[in-house]
J.: 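Dumping the structure here so I can ask a few things about it.
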Protein chains: 2
Amino acid sequence: MARAHDRRVARTQSALQEALFGLIQVKRYDKVTVQDIIDRANVGRSTFYAHFDTKDDLLLSSLERLTADIDRFLEEESGLEGPVLPVRGLFHHVAEQQPVFRALFGTSGIDLVTRAARDMLAERALHTIREREAAGIRHPVDAETRAAFLAGSLMTFVGWWLDAGFPMGPDGAAHTFAALVAAA
Amino acid sequence: MARAHDRRVARTQSALQEALFGLIQVKRYDKVTVQDIIDRANVGRSTFYAHFDTKDDLLLSSLERLTADIDRFLEEESGLEGPVLPVRGLFHHVAEQQPVFRALFGTSGIDLVTRAARDMLAERALHTIREREAAGIRHPVDAETRAAFLAGSLMTFVGWWLDAGFPMGPDGAAHTFAALVAAA
DNA sequence: TTCACTACCGAACACGTTGTTCGGTTGTCG
DNA sequence: CGACAACCGAACAACGTGTTCGGTAGTGAA
């Protein structure tokens, strides 16, 4: 690793991070090669490895500034009265930094799976919502958005349930999920 | 591509799919090589490429059976009365097929990013929830679960917002999100 | 400005992975 | 049984990785 006092270090690391972000917007992260990165950044091969162990290392190092920003926005709006997650500032920030965030949420490897599953769930939810609309049941948020939210939240919730090591049984999970999305 | 009438074809494809699922449970998807897969499946190199163009192709082909199962469960429970997404059967199914689903939701590439961001959001949400609990505000779902849900749902929602090409402004997005998670 | 330092370069390296080809072998279906 | 197709496995070029090393040039401190 390198010292922080040297301009060359800052220049090189910035160039590499920006090159990575630029490439991520064009192709899948796991298809981006170190070669691509150093070509785009105009940095020598050995120099890359002098700063970062791997491609993942570079990605994670770029992350710190990003999360620090987000944390600051949440901090500013935080209070006892508003929502648990005060997100106005965050959404504005994402809108301004659109390309970067779009890149970070882009398809990457196994994401194909969760994405496909999510789309399938959303389609089904949308179908149900339309039926209810036809039956006169209304909701302030439009159908597509609700369907996407329900499907995405469910995927995320299942993922958490798995990661957390099954803190509750399937029925408990189903009930909990229902309670959390009751407003949707 | 190969004919479906031949037992050898079915055997080979199953072996490759199972090998991939097995490997995914041990290491990151994008670190699994075709070499790993054919070694584990005891299949010749050229045979792999006779069936699938790439590793992604194999993954996606394995997906069809999985989504078909899930779709069936949802179909069974579907009705005009219950929740928009009837998930009891799905949660049971995931619990039974635990290893496979755990693998599919496991860390993979750029997921490191969304995961890190999600954890940060969850921590903040948890902090707020605890404050409110101290102020006497109660909720039927426990704090950790709520925090994880809120953070995960937010990440998913932002991802959808980006993918969908900003169907609403930042303020609209923030309001919509707040409305959807009102019960959490 | 000088000077020691160190980041950078770039070529070369061994190594692993990819995707293809091809001749030979073995299993399968009719 | 016999024709056919799937499988094998070795070999291949092409590419990406991560490391090494001697030389160059920018940088911060005296």
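Numbers restart at 1 for each chain; the letters A, B, ... are given by sequence-line order, proteins then strands. Values below: all heavy atoms of this structure, side chains included; hydrogens, waters and symmetry mates excluded.
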J.: Sub-3.5 Å donor-acceptor pair from the side chain of H175(A) to the main-chain atoms of D171(A), do we have one?
T.: yes
J.: Among the nucleotides dA7(C), dG28(D), dG19(C), which one has an atom lying closest to any side-chain atom of R7(A)?
T.: dG28(D)
J.: Between D36(B) and T33(B), is a side-chain hydrogen bond (donor to acceptor under 3.5 Å, both in side chains) present by the stated rule, with each step listed?
T.: CA-CA 5 Å; D36(B) 292 335; T33(B) 67; 3.2 Å; yes
J.: Using whole Å, what does the distance between atom P of nucleotide dC8(C) and atom CZ of F52(A) come to?
T.: 10 Å
J.: Where the side chain of T54(B) is concerned, which of dG19(C), dT27(D), dG27(C) is the nearest nucleotide?
T.: dG19(C)
J.: Apply side-chain hydrogen bond (donor to acceptor under 3.5 Å, both in side chains) to residues Y29(A) and D56(A) and explain how you reach the verdict.
T.: CA-CA 10 Å; Y29(A) 170 76; D56(A) 288 344; 2.5 Å; yes
J.: Write down the distance between NE2 (H5(B)) and P (dA5(D)), rounded to a whole number of angstrom.
T.: 12 Å
J.: Measure the OG1-CG distance between T54(A) and L59(A) for me, rounded to the nearest 0.5 Å.
T.: 9.0 Å
J.: In whole angstrom, what separates K31(A)'s NZ from dG16(D)'s C1'?
T.: 12 Å
J.: With the threshold set at under 4.0 Å for non-hydrogen atoms, list the residues of residues 34-47 of chain A touching DNA chain D in residue-number order.
T.: V34(A), Q35(A), R45(A), S46(A)
J.: Closest-nucleotide mapping onto DNA chain D: is R11(B) or R11(A) further toward the 5' terminus? I mean the 5' end.
T.: R11(B)
J.: In whole Å, I'd like the distance from the CG atom of D6(A) to the P atom of dA25(D).
T.: 17 Å
J.: Nearest whole angstrom, please: distance from the P of dG27(C) to the CZ of R8(B).
T.: 9 Å
J.: Out of dT26(C), dA7(C), dG18(D), which has the shortest distance to the side chain of Y49(A)?
T.: dG18(D)
J.: Using atom CZ of F48(A) as one end and atom P of dC9(C) as the other, report the distance to the nearest whole Å.
T.: 13 Å
J.: Any idea which of dA7(C), dT17(D), dC7(D) is nearest the T33(A) side chain?
T.: dT17(D)
J.: Do the side chains of K55(A) and D30(B) get close enough for a salt bridge, i.e. N-O under 4.0 angstrom?
T.: no
J.: Quick one: list whatever passes salt bridge (charged side-chain N to carboxylate O under 4.0 Å, His left out) with E144(A), sequence neighbours left out.
T.: R130(A)
J.: Parallel, tilted or perpendicular: which fits the ring planes of F149(A) and F157(B), with parallel below 30° and perpendicular above 60°?
T.: perpendicular
J.: Provide, to the nearest angstrom, the distance between the CG atom belonging to D56(A) and the C1' atom belonging to dT17(D).
T.: 14 Å
